[in-house]
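Right, one structure below, let's go through it.
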Amino acid sequence: MSITRRSARRSVRILGVASATAALALGVAGQALACNISEFKAEAKCDGDKGVIVVTDYDASATPAEITVFLENNGADAKQVGEPQKVKGSADGTTVTFQEDWKPDATYRIHVKAGRVDDDVTPNLVTQSTACKKEESSTPSAPASPTPKPSKSTPASTPTPSASVSTSSAPAAPASNAPSPATGDSNLAETGANSNTGLIAGVAGALVVVGGGAVYFGMRRRGAKAGS
């Protein structure tokens, strides 16, 4: 065998080993870049007072993935949350959001289909113990006592002092020995409106006339006697 053939065979062996090594390296690298279920993370978050479930894909190979979320009840699927969503991961993470007004301490199963991956994210997602929206207390609060409205009744008017009150408040007149006029006559006597006033005036006039006549006749008699 010549030296040339030996050199050629060695070269072929070296190339074969190098090719096998390269293939193995590419295989390992391909497995390293392939999608893996451990690259998916799920969280229960709040969007205002509504709950959401956010799934993040950290697959650097950007393998298209389909994610489905299920609400669990005693180890079985109670319902599917919305529709499956598609995502392409990245080294920084790519998220998809499921609108779900979750309850405290609820359990959700996250299923992923991506390339050769067809598995659930482990462990299952368990929501936090506090809901996004605080439930109002069922005990009704005591209503505030109404402010009493002012009465519309008319205020009592100030009583006008009567004549009897004003008379009684005046100082008492000193006692007199003269007989007091009869009740009901005093006012009429002062005004001259008594019913006996005319009769008394007539009698007095007659007496004046009679007295005048007596005086007149008496004087004539005296004059007659003096002349005789």
Side-chain angles (χ1 to χ4, degrees), residues 8-147:
R9 288 179 179 178
R10 286 181 180 179
S11 299
V12 172
R13 288 177 182 176
I14 292 171
L15 290 174
V17 172
S19 299
T21 303
L24 180 61
L26 290 174
V28 172
Q31 290 179 0
L33 293 175
C35 181
N36 192 293
I37 192 62
S38 63
E39 295 171 334
F40 293 85
K41 306 294 181 184
E43 298 177 278
K45 296 185 177 181
C46 294
D47 183 9
D49 58 355
K50 298 293 184 181
V52 294
I53 294 177
V54 178
V55 181
T56 306
D57 182 2
Y58 290 97
D59 175 23
S61 67
T63 302
E66 183 180 82
I67 301 173
T68 311
V69 177
F70 299 92
L71 173 64
E72 294 289 282
N73 184 16
N74 296 326
D77 295 342
K79 72 170 185 175
Q80 179 179 315
V81 177
E83 296 295 327
Q85 297 195 36
K86 297 184 181 298
V87 62
K88 285 186 177 182
S90 64
D92 295 331
T94 305
T95 61
V96 288
T97 303
F98 293 81
Q99 301 294 330
E100 172 68 355
D101 194 12
W102 46 263
K103 302 299 182 183
D105 301 319
T107 301
Y108 290 88
R109 181 172 68 91
I110 315 299
H111 188 78
V112 177
K113 285 184 178 181
R116 292 178 297 177
V117 175
D118 189 359
D119 202 355
D120 295 335
V121 175
T122 55
N124 286 339
L125 171 64
V126 178
T127 62
Q128 57 192 4
S129 57
T130 304
C132 294
K133 182 180 180 180
K134 294 182 179 179
E135 297 182 357
E136 298 180 358
S137 176
S138 58
T139 305
S141 57
S145 57
T147 305

Taking only residues at least two apart or on different chains, which pairs with a member in residues 88-102 satisfy salt bridge (Lys or Arg N to Asp or Glu O under 4.0 Å)? Lys79-Glu100
Can you list everything that forms a side chain to side chain contact (heavy atoms under 4.5 Å, CB included) with [X]? Sequence neighbours excluded, please.
X	answer
Lys45	Glu43, Val52, Val54
Thr127	Ala44, Trp102, Ala106, Tyr108
Ala78	Leu71, Asn73

[X] versus [Y], closest heavy-atom pair with distance:
X	Y	answer
Gly48	Cys132	O-CB, 4.3 Å
Thr63	Asp57	O-OD2, 4.3 Å
Val112	Ala65	CG1-CB, 4.4 Å

Could you give me the CA-CA distance, side-chain angles and deciding distance for Val81 and Gln99, then say whether side-chain contact (heavy atoms from CB on, under 4.5 Å) is met? CA-CA 8 Å; Val81 177; Gln99 301 294 330; over 6 Å; no
Check whether any side-chain heavy atom of Cys35 sits under 4.5 Å from a side-chain heavy atom of Phe40, and report yes or no.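 Side-chain contact under 4.5 Å: yes.
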If we only count heavy atoms from C-beta on, is the Ile37 to Val121 side-chain gap below 4.5 Å? yes
Between [atom1] of [X] and [atom2] of [Y], what distance do you get to the nearest 0.5 Å?
X	Y	atom1	atom2	result
Glu83	Ile67	CD	CD1	14.5 Å
Ile110	Ile53	CD1	CD1	5.5 Å
Thr68	Asp77	OG1	CG	10.5 Å
Asp105	Gln128	CG	CD	9.5 Å
Gln85	Thr95	CD	OG1	9.5 Å

Go through the structure and list residues passing salt bridge (Lys or Arg N to Asp or Glu O under 4.0 Å) with Lys86, not counting sequence neighbours.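 So Lys86 forms a salt bridge (Lys or Arg N to Asp or Glu O under 4.0 Å) with Glu66.
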The salt bridge (Lys or Arg N to Asp or Glu O under 4.0 Å) partners of Asp120 (sequence neighbours excluded) come to Arg109
Has the side chain of Gln80 got a donor or acceptor atom that lies under 3.5 Å from a matching backbone atom of Gly82?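 Yes, the answer is positive, given that a donor and an acceptor are paired below the 3.5 Å cut-off.
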